[in-house]
Amino acid sequence: MFSPFSRVPSVSLGFLVPITVLVSSISLLVRLGFRFRFLECICHFRSVLTRRRKLRSNCVAPSVTSRSCFSINYAKREVRILCDKAKEILMEESNVQMAELAAEKHVRYILSVEKRKDNFESVVMEHLRMSGAYWGLTALDLLGKLGSVDVDEVTSWLLSCQHESGGFGGNIGHDPHILYTLSALQVLALFDKMDVIDVDKVTNYIVSLQNEDGSFSGDMWGEVDTRFSYIAICCLSILHRLDKINVEKAVKYIISCKNMDGGFGCTPGGESHAGQIFCCVGALAITGSLDLVDKDLLGWWLCERQVKSGGLNGRPEKLPDVCYSWWVLSSLTMIDRVHWISKEKLIRFILDCQDTENGGISDRPDDAVDVFHTFFGVAGLSLLEYTGVKPIDPAYALPVDVVNRIFFTK
Amino acid sequence: MHGRPRKALKQEDETALSAKTEKLRSLQAQFLANHHNRIYSKEALDVSAKLLEVNPECYTAWNYRKLAVQHHLTNSDSDPHSIFQGELKLVEIALRKNFKSYGAWHHRKWVLSKGHSSIDNEMRLLNGFQKADPRNFHAWNYRRFVTELMKRSDEDELKYTEEVIGANFSNYSAWHNRSVLLSNLLKRKAEGYFPKEKFLEEEFEHVHNAIFTDPDDQSGWFYHLWLIDQTVKTDAPLLVSSWPSHGSSITLIGDNSLQGCHLSLLNGTLSDTATLPVILNFNLAVEGINSSTVSIKSELLEEELVWKPLSMSNSNTAKVWVVYLNLGNMELQSSKTYSVDISIGHSEGIVSSNENHYGDPSQISFKVFVQTASIKHSEGQGGKRTTWKNTNFHKIDHFQESDPILSAVQNHHIPTTSNWHAEEIGEEITQFRDLLSEYDCKIGKLTLARLLTALDLLSSQHDGRISNTEEVLQLYTDLIKLDPTHSLYYKDEHSLISIQQITSTRDSLLPYCHYYRDETETITGYVCLRLQNLSLSRLGSIENLLWVQMLDLSHNELQSIEGLEAMQLLSCLNLCHNKIGSFTALGPLRLVKSLKVLNISHNELGCHSVDTTRYLCPSPLSHTEEFAWDRFEILTGNVSATKFWEAFLIFGSLALTELNIIGNAVADENFRSFLVKVLPTLKWLDDEELS
């Protein structure tokens, strides 16, 4: 379910942004005739400087760098206030007509992507088609349209991606990796077709990837990441084989990646990131260890991911992105803190990211759509109890009826 | 796809793109053919390099490069240094194309771990990448890997974060790394960083620069909260409260065989199980509570005691532990006083999950007194029913000696010689008041509320004074208006503070305690804690409420009863008119074996498609419990488990005599008949007496 593609919006250009922002903001302010506002800014700027001076009176005078950094950040904030104002006005206008989920168009879009193999995107992403299949098919199921898929065709392609080791590759000819092994199992679970694989063989592959310290490697080349801990635990649980690994050690490793903000990173010391938090909280949920999560601390960090536009970002001071509607929302749901964000605002943000003409959902309004964001948008709406979308399980990332079928039929 | 605009391409771009697509497709095909035929010639390697330069995400190609390296190393005249150098160069090109490529970063680590390449270049490369994108978490992770490899000191890295923050404080990644480094230094008690007083003051100063410059920038928020936490919290776990509390006496009413004997106040508890619970409530989750770490001396003791963590998960740690003294088969003499002495932590073994040992050996002594019952306690109580009518509750003017109300939280805190915690927090309060006087911002208010709460906690340890509650409540009320997006977060915090205020002393509890007595009842003195109609959205301060046997939480906004499991004496619970949205939210009740009467009418059971407590309640989904198929089938016949498993998990493990569930979407006839089957002990369902 993870592609090796990064989930992080590629916008941080470092301090260059604030500098350009400073320059452009001043010219913008003047150009737009915000003279009065500008003067007000200068006054405010002075008062902030005094505030800082006062607060720092008992230490050395602020250095040149911190002063310049201060002015840059100050400008950044002023621009942000202006932008927020503008957005609020725009939002009020759009309040009149709240968009609806263009479910049928999304279904058509997903089915067309599954078939398309000629455009640049499909070639670049060829190696992760297995995850693509999981995103697309799960979205279809959530929208109640899984029936329009040829199950045998998908299953036989999927089986041709399996290797002698038991693991699955991202596509025919690609190496086995735990990422695509989970996607394959999730697709089989959707179709209730788990009986087409040799369960012990897949189990052995996953078991072989656990390391001495309890962590998991992604494949034989030894990249370690808590994403792989989640994947291993999720796979084995779906296969009813969780007892085959050392769960206690696996949990201990995940806890060693816990940070001061209550979140989790890739490896010990790694920064908290909403996608990584989903993995760690999900793994702890499946292993019955959620008491080890600092729910209030993590919950506050997670709910502060909601920005003014209603969308969620993945880390502090980053841009919102539809995919975090899943990573953040599922984590908040698992720890019972999802009421700490505004559901209405988030629904609006997701719906604003739809391509209402051609179907599909994008990371932010008016960007290019893809299957990945379409799935996470629909999954987010599902967790927000949006009418017409089937409920999804926050830990297994599969429809609730599929998960209940796995665990509550004899 | 991130940040690419949604628009149709121009004709010339379209042509260019399609040429690019064709080229990439052919590279991929050639590469896969080479990979499968194990061809590692120079030409073949070039194909994979070209592919990775265009698409660094193609993980199989990185794997192929590793195989090729291994292949060439077996060749006797190979030069490992130059082979690895070539790989490092390719990674660098790939990272310039996409510096968020997991495969590329890992390939670099793989090469370096082989030990043939110099690591000196890595810092130069990293500094370049981190300048271009100071928030890239791959680069930060790689930096931690490299610094460990070259044994660069934590102190030096701390300086680096200072530089980065100096250039732009809005860098959460750097603040995060600071917390990691400082935790390391603290852990190994490095000079200048231990004890933590040494660096905390300076760190507070540091993070003020960030927060006060732009209070709306989140970069410093969480770091500041971490510092408050470091200032206030003791590392070692402490005992916060217990039931029975130290110095208390418990009256048991009954005949000398204890059969039909009950705890002085309420029906139920002892008569059925004939056990007396002893509850220990710690401030942190601990493990290792057993007969060697906690010793109990008493004539009431006959067999080895088994301590149980009150936890809903798989771990053996919990904040609250309970042991049941089995009095059922003892010949207890009436009018005799039995004393029980418990000593905790005199031998090592009680450890918190952050691996700190229990630091404050303590003693709890209480007395048990057996009194002959004045009336015969009628078994099963026939048609009697608990009603929550107001006329059944009578105000209490003052508590009597025999009322088992726990006095305020016992003073179980390690005495500190210095007062720096309180001083530091006091200083912070001044600073944030200053900030708020100039700029009205949510982080200012929220932090002030947290600081005042922390100060109250610290001063209550010294002189039991709690003085800032009203201001804290006002701050949260303001925040609900100021930041409506997160209003329910502030509301939850507000509820926690309200409950803390209500439960902090016997005097503050008095207005909420009532004697329960219905028309037919002759025994007086059943104390019911009535916290109804307080718009509570969350429960807290349960450590002050371990004594509660009858609890009225009706007409609030609760959607969870997390923590209620600590009330091991609870017999009657009223939750009507709340927002309980799923059966799994009632999970804590499964640990309350004494519960007999439950009112969950007029809640939201069956209204929601998403269950937010699905993973907080033990179930097969979280491998915390096997599904009892046999019992399920015997009790319910052939109903579908996928439909009723939650209700079965909860009610199947309770022995309720009265249940009210009307006014919930789930409560139809079908469901009621299911309940009657799963709850064979039930005498009243909703308003009907079952025959």
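Sequence lines set the chain letters: A, B, ... in the order given, protein chains first and strands last, and positions in each chain run from 1. FYI, side chains are in, hydrogens and waters are out, and symmetry mates aren't considered; it's all heavy atoms of this structure.
Within the 4.5 Å cutoff, side-chain heavy atoms of His127(A) are placed close to those of Tyr59(B). By the 4.5 Å heavy-atom criterion applied to side chains, Phe137(B) and Cys266(A) are counted as neighbours. The shortest distance between side-chain heavy atoms of Gln218(B) and Lys318(A) does not fall below 4.5 Å. Put simply, the side chain of Lys390(A) does not reach to within 4.5 Å of the side chain of Ser609(B), judged on heavy atoms. Tyr102(B) has its side chain within reach of Asp225(A): a pair of non-hydrogen atoms, C-beta onward, lies under 4.5 Å apart. Between Arg6(B) and Ser362(A) the shortest side-chain heavy-atom distance falls below 4.5 Å. With contacts defined as side-chain heavy-atom distances shorter than 4.5 Å, the pair Tyr172(B)/Arg315(A) does not qualify. Within the 4.5 Å cutoff, the side chain of Glu126(A) has no heavy atoms near those of the Asn55(B) side chain.
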Notebook entry, point to check: Does the side chain to side chain contact (heavy atoms under 4.5 Å, CB included) test come out yes or no for His35(B) and Asp175(A), once each step is laid out?
Noted result: CA-CA 10 Å; His35(B) 182 33; Asp175(A) 288 354; 2.8 Å; yes

Yes or no on side chain to side chain contact (heavy atoms under 4.5 Å, CB included) for Arg614(B) and Asp393(A), after CA distance, side-chain angles and deciding distance? CA-CA 9 Å; Arg614(B) 191 170 159 92; Asp393(A) 183 285; 2.7 Å; yes

### Query
Do His623(B) and Val247(A) pass the side chain to side chain contact (heavy atoms under 4.5 Å, CB included) test, and can you show the C-alpha distance, the side-chain angles, and the key distance before you say yes or no?
CA-CA 11 Å; His623(B) 301 270; Val247(A) 174; over 6 Å; no

Quiz item: Yes or no on salt bridge (Lys or Arg N to Asp or Glu O under 4.0 Å) for Arg538(B) and Asp296(A), after CA distance, side-chain angles and deciding distance?
Solution: CA-CA 12 Å; Arg538(B) 201 173 158 186; Asp296(A) 289 336; 2.9 Å; yes

| request: Go through Tyr615(B) and Val281(A) one step at a time and tell me if the side chain to side chain contact (heavy atoms under 4.5 Å, CB included) criterion holds. | output: CA-CA 10 Å; Tyr615(B) 286 93; Val281(A) 173; over 6 Å; no

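If you tally non-hydrogen atom pairs under 4.5 Å between each of Lys319(B), His176(B), Glu493(B) and chain A, the highest count goes to His176(B). Interface remark: of the candidates Ser272(A), Ser237(A), Gly262(A), Ser237(A) forms the most heavy-atom pairs closer than 4.5 Å to chain B. By number of non-hydrogen pairs under 4.5 angstrom with chain A, the leading residue of Ser353(B), Ser173(B), Ala285(B) is Ser173(B). Each of Tyr223(B), Trp140(B), Trp110(B), Trp226(B) has some count of heavy-atom pairs under 4.5 Å with chain A, and the biggest count is that of Trp226(B). The candidate from Met312(B), Glu625(B), Arg450(B) with the greatest count of non-hydrogen atom pairs under 4.5 Å with chain A is Arg450(B).
Looking at Ile443(B), the atoms closer than 4.5 Å to chain A (heavy atoms on both sides) all sit in the side chain, from C-beta outward. For Lys442(B), the part sitting under 4.5 Å from any heavy atom of chain A is the side chain, from C-beta outward, and nothing else. In this structure, the portion of Glu633(B) lying under 4.5 Å from any heavy atom of chain A is its side chain and not its backbone. With a threshold of 4.5 angstrom between heavy atoms, Asp229(B) does not approach chain A through any atom at all. Both the backbone and the side chain of Asn63(B) come within contact range of chain A, judged by heavy atoms closer than 4.5 Å. Interface residue Leu242(A): only side-chain heavy atoms are found under 4.5 Å from chain B. No part of Asp401(A) comes within reach of chain B, as not one of its non-hydrogen atoms sits under 4.5 angstrom from that chain. When heavy atoms are compared at a cutoff of 4.5 Å, Val180(B) approaches chain A solely by way of its side chain, counted from C-beta outward. In this structure, the portions of Thr317(B) lying under 4.5 Å from any heavy atom of chain A include both its backbone and its side chain. Proximity to chain B is limited to the side chain of Val338(A), based on heavy atoms less than 4.5 angstrom apart. Heavy atoms of His36(B) lying under 4.5 Å from chain A belong exclusively to its side chain. Residue Asn171(B) does not touch chain A at all, counting heavy-atom pairs closer than 4.5 Å. Proximity to chain A involves both the backbone and the side chain of Leu621(B), based on heavy atoms less than 4.5 angstrom apart. Using a 4.5 Å cut-off between heavy atoms, Thr409(A) touches chain B through backbone and side chain atoms alike. Looking at Asp336(A), both its backbone and its side chain come within 4.5 Å of chain B, counting heavy atoms on both sides. Neither the backbone nor the side chain of His107(B) comes within contact range of chain A; no heavy atoms are under 4.5 Å apart. Thr624(B) touches chain A through its side chain: at least one heavy atom from C-beta onward sits under 4.5 Å away, while N, CA, C and O do not. Contacts of Ser382(A) with chain B are made by backbone atoms alone, with heavy-atom separations under 4.5 Å and no side-chain atom involved. At a 4.5 Å heavy-atom cutoff, Leu284(A) makes no contact with chain B through either its backbone or its side chain. Interface residue Arg144(B): only side-chain heavy atoms are found under 4.5 Å from chain A. Heavy atoms of Leu67(B) lying under 4.5 Å from chain A belong to its backbone as well as its side chain.
The CD atom of Glu385(A) sits 9.5 Å away from the SG atom of Cys607(B) when rounded to the nearest 0.5 Å. Interatomic distance, Trp221(A) CH2 to His106(B) NE2, rounded to the nearest 0.5 Å: 10.0 Å. Here CG of Leu616(B) is found 5.5 Å from CG of Leu290(A). Values are rounded to the nearest 0.5 Å. Thr642(B) contributes atom OG1, which lies 10.5 Å from atom CZ of Arg405(A) (distance to the nearest 0.5 angstrom). Going from atom CG of Asn314(B) over to atom CG of Leu292(A) covers 10.0 Å, rounded to the nearest 0.5 Å. We find the CH2-CE distance between Trp175(B) and Met260(A) to be 9.5 Å, quoted to the nearest 0.5 Å.
Judged as a ring pair (Phe, Tyr, Trp, His ring centres under 6.0 Å), and not counting sequence neighbours, the contacts of Phe627(B) are Phe408(A), Trp629(B), Phe632(B), Phe648(B). Remark: Ser313(B) engages Asp291(A), Ser311(B), Ser315(B) in a side chain to side chain contact (heavy atoms under 4.5 Å, CB included) (not counting sequence neighbours).
A salt bridge links Arg337(A) and Glu562(B); the closest N-O separation between the charged side-chain nitrogens and carboxylate oxygens is under 4.0 Å. Under a 4.0 Å N-O distance rule, the pair Arg135(B)/Glu271(A) qualifies as a salt bridge.
With His174(A) contributing its side chain and Ala61(B) its backbone, the two residues share no donor-acceptor pair below 3.5 Å.
Using a 30° and 60° split on the angle between ring planes, Phe222(B) and Trp300(A) fall in the tilted class, from 30° to 60°.
Residue Thr485(B) forms a side-chain hydrogen bond (donor to acceptor under 3.5 Å, both in side chains) with just one option from Lys345(A), Glu304(A), Gln306(A), Glu344(A), and that option is Lys345(A).
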